[in-house]
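Below is one structure, written out as structure tokens, with a few remarks after it.
Computed from a predicted structure; not experimentally measured. Here is the naming used below: chain letters follow the sequence lines, and residue numbers restart at 1 for every chain.
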Amino acid sequence: MSENKHQKLGLSNQDLIEMYRVMLLARRIDERMWLLNRSGKIPFVVSCQGQEALQVAASFALNRSEDYVAPYYRDVGVVLSFGMTAKELMLQAFAKAEDPNSGGRQMPGHFGQKKNRMLSGSSPVTTQVPHAVGIALAAKMENKSIVSFVTLGEGSSNQGDFHEGLNFAAVQKLPVITMVENNKYAISVPLEKQVACEKISDRAIGYGMPGITVDGNDPLAVYEAVKQAADRARNGEGPSLIEAVSYRLTPHSSDDDDRSYRKREEVEQAKEKDGFHTFAAYLREQNILTDEKLEQMEQEIKEEINEATDYAESAPYASPESIYDFVYGN
Amino acid sequence: MSENKHQKLGLSNQDLIEMYRVMLLARRIDERMWLLNRSGKIPFVVSCQGQEALQVAASFALNRSEDYVAPYYRDVGVVLSFGMTAKELMLQAFAKAEDPNSGGRQMPGHFGQKKNRMLSGSSPVTTQVPHAVGIALAAKMENKSIVSFVTLGEGSSNQGDFHEGLNFAAVQKLPVITMVENNKYAISVPLEKQVACEKISDRAIGYGMPGITVDGNDPLAVYEAVKQAADRARNGEGPSLIEAVSYRLTPHSSDDDDRSYRKREEVEQAKEKDGFHTFAAYLREQNILTDEKLEQMEQEIKEEINEATDYAESAPYASPESIYDFVYGN
Amino acid sequence: MQKVHRMPVQNQFMTSYMETKGGKMMPILSYIQAVTQAMKEEMERDEKVFVLGEDVGVRGGVFRATEGLYEQFGESRVIDTPLAESAIAGVGIGAAMYGMRPVAEMQFADFILPAVNQIISEAAKMRYRSNNDWTCPITIRAPYGGGVHGALYHSQSIEAIFANQPGLKIVMPSSPYDVKGLLKAAIRDEDPVLFLEHKRAYRSIKEEVPDTDYTLPIGKADIKREGSDITIITYGLCVQWAIQAAEKLASEGIDVHILDLRTIYPLDQEAIKQAASKTGKVLLITEDNKEGSIIGEVAAIISEHCLFDLDAPVKRLAGPDVPAMPYAPPLEKEFMINQDKIEAAIRDLAEF
Amino acid sequence: MQKVHRMPVQNQFMTSYMETKGGKMMPILSYIQAVTQAMKEEMERDEKVFVLGEDVGVRGGVFRATEGLYEQFGESRVIDTPLAESAIAGVGIGAAMYGMRPVAEMQFADFILPAVNQIISEAAKMRYRSNNDWTCPITIRAPYGGGVHGALYHSQSIEAIFANQPGLKIVMPSSPYDVKGLLKAAIRDEDPVLFLEHKRAYRSIKEEVPDTDYTLPIGKADIKREGSDITIITYGLCVQWAIQAAEKLASEGIDVHILDLRTIYPLDQEAIKQAASKTGKVLLITEDNKEGSIIGEVAAIISEHCLFDLDAPVKRLAGPDVPAMPYAPPLEKEFMINQDKIEAAIRDLAEF
Ligand SMILES: Cc1ncc(C[n+]2csc(CCOP(=O)(O)OP(=O)(O)O)c2C)c(N)n1
Ligand SMILES: Cc1ncc(C[n+]2csc(CCOP(=O)(O)OP(=O)(O)O)c2C)c(N)n1
Ligand SMILES: [Mg+2]
Ligand SMILES: [Mg+2]
């Protein structure tokens, strides 16, 4: 990443700084979550670490004030890009009434925020794929130039809903982008026990849509792929499948212990390639990011997270009686 | 089909005659079913017409005394090849107690016969795909050199079970052959509204298995493809996806009226390419089939069907009390 | 597999029932025509309403429920989908989240099963899990029920699978008038509604149906016959058999009260209690297998609340506990509820 | 999402119960150890038995139910599958048709929903539809239940979805001893068995479990406590809460009879009738949402058969009719059944 690639993509230095800031925020929030979990303050964390770079890059390639997104549980980078705040994420982690995702009803990582056009997600994987297709169908029916963006893990791409959703989107030529975040594991199951294809994007041809695999540790490559797919979608050229390959740097979740199924060296090697770091290196090379600036950002973010944590920790739970609310609307 | 292609494939003239006989039997049984339906004697027919050639050819490429088959409802050609008789099919059509498929419990076209290793099928499409994979898994575990063969329509290849089943088979490198019988329609829905891919076999690469599309009206091409796939399977090289393209010559079933959704000319044109006829022409060219021989076959088959029909028509239904049998084994 | 069977038109069903409606001239519609009319009117009323499913387009549905809609509203609002029920439900859910009003057709209720995850995990829980932020106003129509030579997989009553899912509503109308009013209400409902139509009722049940715009309340049961001796609580096609049986037994001096549940989830508990207490002798009827069917819940409500009003044990008349209805006519007949079985059960109760 | 929560070991549960077992020294196993031991012994006994599911291999399952099996039996008999429940069930069904004895694990019961079509349309109907030609001896294990901070999708009781499907058996054991005997019986059963294990019981419930080979009969309920004043009928973890509550109330002079259903489909009707008639006051308990849960069917059986033996209306204690258990602790607590709620319900009945 030594030449100036980003200008060719139409990205300004300022854009890059903004992207990096979101990646950094995502990473620091995630790290804080683990601390809170290990100190017994929050019962559960599911992590974005290793995938922030691709999540943020993909989001920035979209219209973040009009497009719809159906994120999956690791997408802290996506939801921050689409307008969720650190405070809101902390409210979710602490399961407090004010949590905009679910008012503390769902576990962390189950995102949803209508005002930011972020679909509510559940735990059964891959169900969001047809939902995103439905958004795209509605957008087409209403002649809106909206793109519907949906993500999932590579393991989840083996569910029937992936197949049915993508096929539906292709037949109807809908403006939907499916991004598979291939982090090489589905909990303990390594890629080679999940699929026998060379690339997850090889599935695209079977639906009759373009498919591309990009290095998920290279945010500019991800940006480019998503940008092109979004342009095609807005031009009425239909859906795309993008596979962004990176690595899951943490255990599957705070309930998992990954030492039984993968070597420490493997994890260490992956850390070196982590897009979060390589992107920072690129920004430094390009003189976009200085130590000073980074220091300042870190400081701001730390304060933001501290404040968010304090707020969320002392915020009230929903009342026990509220359990009966919102089963039906009428 | 003018040169002698079949010897290259290791098929003798006698093999071809046997194959043709089964195709002819299938076609004549199917025609009789329609007559019985239109005269009010049987309530339902779902037809094989237009697909007999590929069904029989595929079956003959397998080991019909050891391999397992999970047929779908149009597969009269497959089940006859695997040992079901005209009489048994008539017993099924008349829903009589002696019907080996289900004792009259299921509709026609819901095949199953354990002694011929023919898996019992249901109506929800595509559920048989994972079953066939399970047979292949068992075969592998037991070190049997069995091939598991499963068929379905192209419309059914859009179900989640197709995706999940084929992926499982590929990851485990199982000896299973999936043949999609692409007859261009799923009831009234034409191919272009079912899928946007060029070929159904384009889906194979997404699972990491070989995929091939063959002319389903050319039984020798189908034979060759299935034979190769079976050899690969027995050599431990894993599963294959085969798409055999033909055309559904009848309405979807006896309850359907296809005039509202397709032109008569289209059907007429397809009839000219019908493998059942072109194969007969090839046999004649090769002097394997003569008018005399054909006449004789037709005569034998007619008698066989007459007998089967009479037998089935006068056979008893299961008793009403038998409805309570076989819910559980113990 | 498609199974649209030519059924004998059973006009005998309706004669008596229609007399009781009496009055001014109204168009007579079959049950399925009422389905079509409801969708047509809703699509005319609201652009956000659209239909999706297998063969719903040019073909007008394998039962013809969507007949004419494709011609009137075009292929963008009457969408022939690929053969994939989880996508039909799931894409519909997404569109509903956006603000559309999808009416998804499952070709047969038996084929809704691949979509169970989308319906139960997603549609039913959308409002609750998002704390009222997102909603899912989808209607899922599916033809259910037996007696049409449909065998195991074209005859099932599948409501019990879904009748334990708060967030979801399940409507099972018994007559054309109810169909129209309830289907319109379902389409306008802010929550997901499973709308189950009895196949055998499609062409055999006819009655006067106003061509005006009306809805009927979801969640409310309906008294189809006032009576004082025995209470029948049932739903769907069985209501028609029950009315027939009741008319017949009236001449023998047995006066039957009939409560049509209409919405089978969540149940109208008040109406059930009142109906049960009214006569003290209760016959519950379903075409579904007995054990675990929704009339078990009805019996439970009665046993919780009306114990001291009962003069006889609650009686249940249901399909046998075998996997599903066989194809061979004598076997199918053995499975099905019919007027005779209901008459016998009523007499039993009357004599208790 | 994986949710294996560290739960406080609730030994207080078992003390009293274990005393009643008394006698010779036996190994004490937790509920989940009993699951593992049953599978291990069955795999040793019969080569046709194998395990498949997500993370069941090297990882030994996200709850560790398959711990050690991969090491002992290798990857061909302990198969880490792709993340696809319909395939896990469907491939298992195919293998069972061949003659194998698959034990399929659903990682959480909530995630069984994509496999509903395979389980209901295929496994449950295989024997019937083939007129006894083909069979499907598969066992499908799934951890269910709440109280583990699992929120909506890691807490559900999903049994009601399946408890209306003749051909299928559903077993929900309440204790380690029962787990071992019933899981072995399930694996040897000639028909498909859904085996639902309560997550919260996994490590909190321990008791003596013989290390010998024994099975317990599927289809039979079990009296967990003899009593004469009030009958509790329940299953799964609720049995433990009920036993606790009963012991406590014994000191107040209320003598509780406890019937553990063990198999919740098809139900042991005889045992239910006897238990209900014995005391005439019946409390039914489930952790599931109330409406449409399987205790509705239990109430129906009682109202059909034991009406004149009842001294009080049947009482049901169940989860509220909201989609599923929320995550926030006060909300989860509000949803869950516990000993206090049971005690209160018993007192209510006692005073009736
Ligand atoms: C899960 C399911 N949904 C719907 C149906 C109703 N149905 C029966 S056959 C069919 C079309 C099948 O098309 P295709 O797979 O191309 O097979 P073909 O009939 O053309 O041979 C449909 C929609 C079904 N049997 N199962
Ligand atoms: C339908 C379903 N089955 C099982 C699970 C349990 N589960 C949660 S995450 C996960 C692995 C997902 O792997 P992948 O899709 O690669 O995403 P990653 O976690 O690696 O980002 C599993 C099996 C689930 N949430 N949903
Ligand atoms: Mg992954
Ligand atoms: Mg077809």
**Item:** Heavy-atom contact with chain C under 4.5 Å, split by part of D:N131
**Value:** neither
**Prompt:** Should C:Y128 and D:P326 count as side-chain neighbours, where that means a heavy-atom distance under 4.5 Å?
**Reply:** yes
**Request:** Below 4.5 Å from any heavy atom of chain C, which atoms of D:Q269 appear? Answer side chain, backbone, both or neither.
**Result:** side chain
**Prompt:** Side chain, backbone, both or neither: which part of D:L267 has an atom under 4.5 Å from a heavy atom of chain C?
**Reply:** both
**Message:** Please classify the contact between D:I158 and chain C as side chain, backbone, both or neither, with a heavy-atom cut-off of under 4.5 Å.
**Reply:** neither
**Item:** Worked check of side-chain contact (heavy atoms from CB on, under 4.5 Å) between C:V116 and D:N117
**Value:** CA-CA 8 Å; C:V116 164; D:N117 190 38; over 6 Å; no
**Asked** Under a 4.5 Å heavy-atom cut-off, does chain D meet the side chain of C:A124, its backbone, both or neither?
**Response** backbone
**Item:** Toward chain C, the part of D:A115 with a non-hydrogen atom under 4.5 Å
**Value:** neither
**Item:** chain D contact via C:Y153 - side chain, backbone, both or neither, heavy atoms under 4.5 Å
**Value:** side chain
**Prompt:** When you measure from the side chain of D:E297 to the backbone N and O of C:G292, does any donor-acceptor pair fall under 3.5 Å?
**Reply:** yes
**Request:** Measure distances from D:I301 to the heavy atoms of chain C and classify the residue's part below 4.5 Å as side chain, backbone, both or neither.
**Result:** both
**Asked** Is it the side chain or the backbone of D:I161 that comes within 4.5 Å of chain C heavy atoms, both, or neither?
**Response** both
**Item:** Per-residue contact mode, D:E304 against chain C (heavy atom under 4.5 angstrom)
**Value:** both
**Item:** Which portion of D:Q156 sits near chain C, non-hydrogen atoms under 4.5 angstrom
**Value:** side chain
